[in-house]
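Contents: one structure, followed by commentary.
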There are 2 protein chains.
Amino acid sequence: MAVSRPSSRTTARAHWDSAATNFIREILDRVGDKWSVLIIGTLAECPVRYSELAEAIPGISPRMLTLTLKHLQRSGIVNRTAYPEVPPRFEHSLTDLGTSLLSTVLYLAAWPADHHREIRDHQSVSDAEASRTKR
Amino acid sequence: MAVSRPSSRTTARAHWDSAATNFIREILDRVGDKWSVLIIGTLAECPVRYSELAEAIPGISPRMLTLTLKHLQRSGIVNRTAYPEVPPRFEHSLTDLGTSLLSTVLYLAAWPADHHREIRDHQSVSDAEASRTKR
DNA sequence: CAGAATCCTCAGAGATACTG
DNA sequence: CAGTATCTCTGAGGATTCTG
């Protein structure tokens, strides 16, 4: 990662340059929220209608679905195509950029799957500690 | 990604099962916030003291640094070691779990770097559209 | 069907000041 | 040095209702 390490010996520690933090913000702005990843994952295979999205993602409100979709469209992740039919149909699909993002997100989602045991083991330990210090 | 696709033909669309959404929540809980990734990245190479972290991460308040560190400790990402010296010294380092998370986060951070051009190109397009519709 | 508008709330984030 | 303790305030997100 792009961390600048000043050559001067007076500053012993590296610090984040603004470019690196901007990269972090860039992805977190796109996939750091509650719904984006789920939407991106749902659009993975084929174009999806608004109501299908709402059905596929339990718990999302129409408001959040619309807002997140707009956000993803602005970010160039999602395409929205209108079909002037009756009843009206709007299909949402991933752009090329969105597809590339999907693959990194899949990588991300693999982490808790791969480390399931370590995560669970740690939790029992730290829960025990918490109850001990509380007493 | 673990998406269940019901075999019944009445439901055309896949929907997220709770295990899959839990995986998403799991990482987002850990790296979805503003500071966690920066802290994890700073701890990458060697143990770091509290004040070094504060210096390395511009703009973080003591409160957020403490809060995020505690959160990461609870999650088993970060170790905190106290050295009973004068002046007191506390070193924070990545656990094994934290190191594994770091590598997936580095992968994540590569995305905006790799797609820098596409992202920028799209932004000029959508900005132009925005100003056109606004008029 | 696919949303837009409106209202509400409450957790997260910052600033500031204090302490073992 | 390495944190707490308060206070405040913004804004993400939910519920509900209305519309092209």
Any side-chain N or O of A:Arg49 below 4.0 angstrom from OP1/OP2 of C:dA2?
yes
Rounded to whole Å, please give me the gap between CD in A:Glu55 and C1' in C:dG3.
18 Å
Between D:dC1, C:dA2, D:dG3, which one does the side chain of B:Ser51 approach most closely?
D:dC1
Quick check on DNA chain C: between B:Pro62 and B:Leu67, whose nearest nucleotide comes earlier from the 5' end?
B:Leu67
Between C:dG12 (P) and B:Ile60 (CD1): distance, integer Å
15 Å
Can you check the A:Asp29 CG to D:dA12 P distance for me, whole Å?
10 Å
Between B:Glu91 and B:Arg89, does any side-chain N to carboxylate O distance fall below 4.0 Å?
yes
Rounded to whole Å, please give me the gap between OH in B:Tyr83 and P in D:dA2.
12 Å
Return yes if a side-chain donor-acceptor contact under 3.5 Å exists between A:Asp96 and A:Thr99, otherwise no.
no
Let's see if you can work this out: which of C:dG3, D:dT4, C:dC1 has an atom nearest to the side-chain heavy atoms of A:Pro87?
C:dC1
Check every atom of C:dG3, D:dT4, C:dA13 against the side chain of B:Asp33 and return the nucleotide holding the closest atom.
C:dA13
Which whole-number value in Å describes the distance from B:Met64 CE to C:dA11 P?
15 Å
To the nearest angstrom, how far is B:Arg63 atom CZ from D:dT6 atom P?
12 Å
For D:dG14, does either OP1 or OP2 sit under 4.0 Å from a side-chain N or O belonging to A:Lys34?
yes
If you look at every strand shown and take non-hydrogen atoms under 4.0 Å, does A:Thr66 touch a base, only sugar-phosphate, or nothing?
sugar-phosphate
Parallel, tilted or perpendicular for A:Tyr50 and A:His92, by the 30°/60° rule?
tilted
For the base of C:dA2, is there a side-chain donor-acceptor partner from A:Arg89 under 3.5 Å away?
no
Rounded to the nearest angstrom, tell me the gap between atom CG in B:Leu28 and atom C1' in C:dG12.
16 Å
In one Ile/Leu/Val/Met/Phe/Trp/Tyr side-chain cluster, 4.5 Å: A:Leu28, A:Leu106:
yes
Please walk me through it: do A:Asn79 and A:Ser93 pass side chain to side chain contact (heavy atoms under 4.5 Å, CB included)?
CA-CA 5 Å; A:Asn79 272 328; A:Ser93 59; 3.6 Å; yes
Give the rounded distance in Å between these two atoms: CD of A:Gln73 and C1' of C:dA2.
12 Å
Look at all strands and tell whether B:His71 reaches a base, only sugar-phosphate, or nothing, counting heavy atoms closer than 4.0 Å.
nothing
